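The analysis underlying the following values was restricted to heavy atoms, covering all of them including side chains, and did not include hydrogens, waters or symmetry mates. Just so it is clear, the structure is predicted and the values come from calculations on it, not from any experiment.
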Amino acid sequence: MYMSTDEIRRAYLAFFESKGHQIVDSSSLVPANDPTLLFTNAGMNQFKDTFLGLEKRNYTRATSAQRCVRAGGKHNDLENVGFTARHHTFFEMLGNFSFGDYFKHDAIGYAWEFLTKELKLAEDRLVVTIYESDDEAFEIWNKEIGIPADRIVRIGDNKGAPFASDNFWQMGDTGPCGPCSEIFYDHGDHIWGGRPGTPEEDGDRFIEIWNNVFMQFNRQADGTMEPLPKPSVDTGMGIERIAAIMQGVHSNYEIDIFKTLIKEAAAVIGYDDLSNQSLRVVADHIRSCAYLIADGVMPSNEGRGYVLRRIIRRAVRHGNKLGAQGVFFYKLVGPLAEIMGSAGEDLKAQQELVEKVLKIEEDNFSRTLDRGLTILNEALDNIDGNVLDGETVFKLYDTYGFPADLTNDVARERGFSIDEDGFETAMAAQRQRARDAGNFGVDYNDVIKVDAETTFCGYSATDGEGVIVALYRDGNAVDTINAGEDALVVLSNTPFYAESGGQCGDSGLLTAEGVVFNVADTQKFGAASGHKGQLVEGSLTVGQQLTAAVDSERRQAISSNHSATHLMHAALRTILGDHVGQKGSLVKADSLRFDFSNLEAVKPEQLRAVENMVNEQIRANHSIDTNIMDIDTAKANGAMALFGEKYDDEVRVLSMGDFSTELCGGVHATRTGDIGLFKILSESGIAAGIRRIEAVTGAGAIAAMHTEDMMLAKTARLVKSDVASVVSKVDALVTHSKQLEKEIQQLKDKLAAQEGAGLINQVQEINGVKVLIAKLDGADNKALRGMVDELKNQLGSGVVLLGNVSEGKVGLIAGVTKDLIGKVKAGELVNLVALQVGGKGGGRPDMAQAGGTDAAALPAALETVAPWLADKL
């Protein structure tokens, strides 16, 4: 029964919805509030806090079609992509989840029913695995489902340690874990390979399509396995693998999505052979690149942006191998959005931005390619022997996107080879660093877990009453705290806003008769709010009732800044375009910070327009209204969801007139007029394609304006002008200063030329070659380069090395005429001296510069030059 990938996705979600599961949208590829993960790489990532007991949801069963990327960190398949049947940088994971609801019986039953009844897979084609000691799972498969014992494979601890098995899953070194049961599909005996657990298991005949993880233990740091009070289920089925089965093909690259993308890639590249593996690479990579950009990742030189850049460059390089002329990669975004069906809607909304980012990055890479070739040729010019070292090969790969085979091709053309072993050593070290970056890095059992929930009553008030439901001191639950102790107080009810969505937590006081607790900050712990601070007076006990009073002046300042952030977001989208999206924010009492997507710096006139527009909305004094509605209705009404936030089924929709409508759980001003005044302090770039605006409101904005007025008045006094004329006066002074600098440089050049003319008398001959080695004192380092060029012209053929001491620092410059660079290279010569004067340098074979810190060592260092040159010449 043929099914398209989109039909499979819809059928899966509908099936589990009929079994009482809540359909949950795919989360962002950038894990929300989880610095331990580079990218979302599994369906359970967005439910991690739910499984850990740190977050409670209003459903206990869920299903999703989660977009995933594995191209960095612990799960890195990049080098295999395009050359195997099932490796991808981007894939979709179909999953169903139980949070303390059903367990093994239902999970196994649902999986079997969907595969054999809904998809109508032949039962005799399916083989299952279980953890070796999981007799319960065996009984369910054998007795209830009816799978013969010879098609149930027990997988034991085959990695040299207890529970170190492919069929035992762990979230980390500690925390939830348990056995798993995998379902394999037999593609037929015409394909080589054996069942799981056999020596031939790495073949392609038996392919895993579904994994049921049974989380039933909590692993302690000492290895103890404690049974979880509410066992849970986490499952996953790769949509590409099941699509291959349903479409009667063996390789994932033959399914409908990839057939379309490969055909489109061939068309934009201008290549006819659709079986070429480079087309597979391009088709795979456009999926991860497009969705990463749509989720806010921009190409850069570190972190997630660095991985994205590597994937883009790998795709472009494979396109170039096939003869692509000009930029081509971005042209695949439109076809991708179409073929992804229901999963392509988010991409369609961001298509223009994604295409623009990819086009810019591809243009930049073409220039980087040229720079890389220059670096490579310089390295080959300076090589000792005939083998290019592995570190240089790796640098070209890692920094300039040069694959080792391309470096090898260029080297071979010039009669050199590359150190492949050294390159592989450097690559292995990088992979290890990537794997290390993928660890969870947190001890689950050290996390404060609060079972209680806190009701927030602070939207309309800054005071209230609450009962202490938990106390923590040094991370440990206690019954009582005493005066002078730092603690965390959890209340049943609180007006204190806990830090969330970029808004900082409230501060204030918790009091009772004879009790004063100073709250410095409020943080979320699952569904509970924790008041962090110090008990100033009295003692506190669990069950005690307290009066909670927020610092209302500070709250008002925070609320105004938060509301101004919403207005600025709307203004940026109006002035710059709908591609602007929030990528982070920080709302404090004294200022606000807003990060947003934009490929270039915001022009001063655009910033002024944004500032004016926000202040116009403030003067309009709109009522700031909040409505509670289901999330689908909110989105239908145009409410914007914010980057990195997770939302419940019912959400708060915040509106400021017709100007701004967003989903937001934070606290806000009552009317826009309460903000008073809005002023932008700065605009800057924080990553490729991500800009940051810092601003102030109210009293802070007035103070910033006063500061600017004072600075302007001081500047006017310094240039002996009035404020009205200060710009023209400063402009005149700058022009005059530049003219003076130009005249001074001309005089320095003239003096250098005169000094150079005198130096020609110091020329000596070494093995028949003219050589000038000279020490200067106080010469202008900028003029030295021109001096060396003039001396080389006068020599016609020769070597020049000048050492200059200026303000206690050494400047070195070497020049070699082109007929001699086969024997002497300027970079090697200047480095010979630099190493002796506390420096290091290099450059082109014909011209190189360096610096040093040990001026006293220069004379002796210069004396080593003649013997060194005698050996070379």
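If you check the side chains of D166 and Y131, you find no donor sitting under 3.5 Å from an acceptor. A side-chain donor-acceptor contact under 3.5 Å links E144 and H105. No hydrogens or angles considered: nothing links the side chains of R61 and Q22 as a donor-acceptor pair under 3.5 Å. Using a 3.5 Å distance cut-off with no hydrogens or angles, the side chains of N167 and T129 do pair a donor with an acceptor. Judged by distance alone, the side chains of S288 and T89 do bring a donor and an acceptor atom under 3.5 Å apart.
Sorted by first and then second residue, the salt bridge (charged side-chain N to carboxylate O under 4.0 Å, His left out) pairs with a member in residues 199-217 read R86-D204, D186-R205; sequence neighbours excluded. The ring pair (Phe, Tyr, Trp, His ring centres under 6.0 Å) analysis of residues 214-244, with sequence neighbours excluded, yields the pairs F103-F214. For residues 119-134, the salt bridge (charged side-chain N to carboxylate O under 4.0 Å, His left out) pairs, not counting sequence neighbours, are K104-D134. Within the structure, side-chain hydrogen bond (donor to acceptor under 3.5 Å, both in side chains) contacts touching residues 227-239 (residues at least two apart or in different chains) are N96-T235. Residue pairs meeting the salt bridge (charged side-chain N to carboxylate O under 4.0 Å, His left out) criterion with at least one member in residues 15-28, sequence neighbours excluded: K19-E113.
Not a single donor-acceptor pair under 3.5 Å links the side chain of N41 to the backbone N or O of V69.
If you look at Y253 and H87, their ring centroids are not closer than 6.0 Å.
Here E92 pairs with R9 in a salt bridge; the nearest charged N to carboxylate O distance falls below 4.0 Å.
Remark: Q350 engages no residue in a side chain to side chain donor-acceptor pair (under 3.5 Å) (not counting sequence neighbours). Partners of S98 by side chain to side chain donor-acceptor pair (under 3.5 Å), not counting sequence neighbours: none found. Judged as a salt bridge (charged side-chain N to carboxylate O under 4.0 Å, His left out), and not counting sequence neighbours, E226 has no contacts. Among residues two or more places apart in sequence or in another chain, the salt bridge (charged side-chain N to carboxylate O under 4.0 Å, His left out) test is passed with E264 by none. In this structure, the salt bridge (charged side-chain N to carboxylate O under 4.0 Å, His left out) partners of R10, at least two apart in sequence or on a different chain, are D6. Scanning for salt bridge (charged side-chain N to carboxylate O under 4.0 Å, His left out) contacts around D256 gives an empty result, with sequence neighbours left out. In this structure, the side chain to side chain donor-acceptor pair (under 3.5 Å) partners of S27, at least two apart in sequence or on a different chain, are Q66.
No option in Y110, Y12, F15 other than Y110 meets the ring pair (Phe, Tyr, Trp, His ring centres under 6.0 Å) test with H21. Exactly one of T63, L94, I23 qualifies for a side chain to side chain contact (heavy atoms under 4.5 Å, CB included) with F16. That residue is T63. Each of Q247, E240, M340 was checked for a side chain to side chain contact (heavy atoms under 4.5 Å, CB included) with T5, and the lone residue meeting it is Q247.
In this structure, E254 and K259 approach most closely via the heavy-atom pair O-CD, 2.9 Å. Heavy-atom minimum distance, L347 versus A290: CD1-O, 3.8 Å. Nearest heavy atom pair, residue V24 against residue Q46, reads CG1-OE1, 3.5 Å. Nearest approach of M246 to L119, heavy atoms of both residues: CE-O, 3.4 Å. Of all heavy-atom pairs spanning A107 and Y102, the tightest one is N-CD1, 3.8 Å. Closest approach of I183 and A111 over heavy atoms only: CD1-CB, 3.9 Å.
The closest side-chain heavy-atom distance from I209 to I245 is below 4.5 Å. Using a 4.5 Å heavy-atom cutoff, the side chains of W141 and W112 are in contact.
Atoms CG and CG, from N142 and D150 in turn, are 9.5 Å apart once rounded to the nearest 0.5 Å. Rounded to the nearest 0.5 angstrom, Y291 OH and T40 OG1 are separated by 14.0 Å. Taken from CZ in R67 to CG in L292, the straight-line distance is 10.5 Å, to the nearest 0.5 Å. Taking CD1 of I257 as the start and CG of N252 as the end, the distance is 10.0 Å to the nearest 0.5 Å.
A cation-pi arrangement is present between R154 and F138, with the terminal nitrogen or guanidinium carbon under 6.0 Å from the aromatic centre and inside a 45° cone about the axis.
Other residues, nucleotides and ligands contribute at most 12 non-hydrogen atoms within 6.0 Å of the NZ atom of K524.
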